[in-house]
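Shown next, in structure tokens, is the structure this report addresses.
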Amino acid sequence: MAFQPPFSPSLFRKRDNASGASVVAIDNKIEQAMDLVKNHLMYAVREEVEILKEQIRELVEKNSQLERENTLLKTLASPEQLEKFQSRLGPEEPAPESPQTPEAPGGSAV
């Protein structure tokens, strides 16, 4: 009597197919998990972007307000006040621009 292996070749193929199917199932689960992580990250990034956009809007508005206030104060300041202010600025800070409006006689801006 000839030696017979404890399994037939057809059983071996079934194991390979089952093993291949489990690899595909694991790959699918990994892909689903990666998609879930990607979706959560995209949601978090979108949320952060909206927060930053709102902060930018607020800062732009505040900057515009301060620029208008600065322009008004420069316009209302006398040349002596501007000179005194410029002398107080350190060398690192740029000197403010002089008012662009023409001055009326007597040194006050119109």
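The structure presented is a predicted model; accordingly, all values stated were derived computationally and were not measured. Below, all heavy atoms of this structure are taken into account, side chains as well, without hydrogens, waters or symmetry copies.
Checking each of V49, I56, I51 against K53 for a side-chain contact (heavy atoms from CB on, under 4.5 Å) leaves exactly one that passes, namely V49.
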Identify all side-chain donor-acceptor contacts of residues 26-42 below 3.5 Å with residues at least two apart in sequence or on another chain.
| residue | atom | partner | partner atom | Å |
| --- | --- | --- | --- | --- |
| N28 | ND2 | V24 | O | 3.4 |
| N39 | ND2 | D35 | O | 3.3 |

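Rounding to the nearest 0.5 angstrom, the gap separating the CG atom in L52 from the CD atom in E47 is 11.5 Å. Between atom CD of residue Q55 and atom CD of residue E48 there is a gap of 7.5 Å, rounded to the nearest 0.5 Å.
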Worksheet item: When you look at R46 and E50, which way does the side-chain contact (heavy atoms from CB on, under 4.5 Å) test go after all the steps?
Response: CA-CA 6 Å; R46 283 188 192 108; E50 286 304 313; 5.8 Å; no
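Between L76 and Q81 the shortest heavy-atom distance is O-OE1, 4.3 Å.
At most 12 non-hydrogen atoms from other residues, nucleotides or ligands lie less than 6.0 angstrom from CD of E61.
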